[in-house]
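Counting begins at 1 with the first residue of the sequence.
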Amino acid sequence: MYDNVLLPTDGSVGVDRAIDHAIDAADRYDATLHVLYVVDSDVVNAYSGDEFVDGAEGAEETLEETGREALDTVAERAREAGVEAVTALRYGVPHEEILRYVDEADVDLTVMGSKTRSGDYRRMLGSVTERVSRQSAAPVSIVKTTVDA
């Protein structure tokens, strides 16, 4: 039923349960697990750079390092479960890059984590998961994790 399962990750606590679900789905359907981290261009562009002397300590480099660690962690967990994993690090607006990847990699199922927070927080900010689930042509499975406010 699924040949390509996508797990977008930001390395946060809200993704932990989604990792298990994505690996399980890929294993169950003998699918390739694609793990994607998007370096958020809005965060990088908002950073003035004033706090750091060395450019290697800036926002983009920090996000790249976080992304590589998150990708490696998920890929290792997938390998331990006997699931083939492909990792990708992209730059841009997260939901746009995720949707682009879905099309490019012919993704059959996207598994995303979502942090359940108070209604005020949710109404003010929206979420990448909500945008992807509304705009994706392929199925999106949302795995919720409760996070204290």
How many angstroms lie between atom CZ of R77 and atom CG of D72, to the nearest 0.5 angstrom?
-> 13.5 Å
Side-chain touch D30/Y2, heavy atoms, less than 4.5 angstrom = no
What distance do D40 atom CG and E97 atom CD have between them, rounded to the nearest 0.5 Å?
-> 10.5 Å
Point-to-point distance, once rounded to the nearest 0.5 Å, from CG of L89 to CG of L71 | 6.0 Å
Here the pair of heavy atoms bringing A85 nearest to A75 is CB-CA, 4.1 Å
Check step by step if side chain to side chain contact (heavy atoms under 4.5 Å, CB included) holds for V86 and L33.
-> CA-CA 6 Å; V86 174; L33 177 64; over 6 Å; no
Please report the shortest heavy-atom distance between A105 and N4, naming the atom on each side.
-> O-ND2, 3.5 Å
The side-chain hydrogen bond (donor to acceptor under 3.5 Å, both in side chains) partners of Y29 (sequence neighbours excluded) come to none
When you look at V140 and R134, which way does the side chain to side chain contact (heavy atoms under 4.5 Å, CB included) test go after all the steps?
-> CA-CA 9 Å; V140 177; R134 279 196 317 265; over 6 Å; no
Rounded to the nearest 0.5 Å, what's the gap from CD1 on I98 to CG on L6? Could you check?
-> 7.0 Å
Rounded to the nearest 0.5 Å, the CZ atom of R100 sits from the CD atom of E104 at a distance of 7.0 Å
Whether D108 side chain and D3 backbone form a donor-acceptor pair below 3.5 Å = yes
Taken to the nearest 0.5 Å, the spacing of L109 CG from L7 CG works out to 10.0 Å
Would you say the side-chain atoms of E64 and Y91 include a donor-acceptor pair closer than 3.5 Å?
-> yes
Taking all atoms of both residues into account, what is the closest heavy-atom pair of V111 and A18, and its distance?
-> CG1-O, 3.6 Å
In short, V102 meets A138 closest at the heavy-atom pair CG1-CB, 4.2 Å
Applying side chain to side chain contact (heavy atoms under 4.5 Å, CB included), run through V143 and M112 and close with a yes or a no.
-> CA-CA 6 Å; V143 181; M112 298 187 72; over 6 Å; no
Test side-chain hydrogen bond (donor to acceptor under 3.5 Å, both in side chains), reference Y101, set E96, H34, R90, output is H34
Hits for side-chain hydrogen bond (donor to acceptor under 3.5 Å, both in side chains) against R79, two or more places apart or cross-chain, chain-then-number order -> none
Validation row: T32, V5 side chains within 4.5 angstrom (heavy atoms) = no
Shortest non-hydrogen separation from T129 to S114 and the atoms involved | CG2-CB, 4.3 Å
Verdict with supporting geometry, T9 and L36, side chain to side chain contact (heavy atoms under 4.5 Å, CB included) = CA-CA 6 Å; T9 183; L36 174 65; over 6 Å; no
Between G92 and V38, what is the shortest heavy-atom contact and its length?
-> O-CG1, 3.6 Å
Indicate yes or no for a side-chain donor-acceptor contact from E130 to the backbone of S127 under 3.5 Å, with no hydrogens or angles considered.
-> yes
Neighbour count >12 (heavy atoms, 6.0 Å) for atom CG, D24 = yes
Expected output: side-chain S136 to main-chain S133 donor-acceptor under 3.5 Å = no
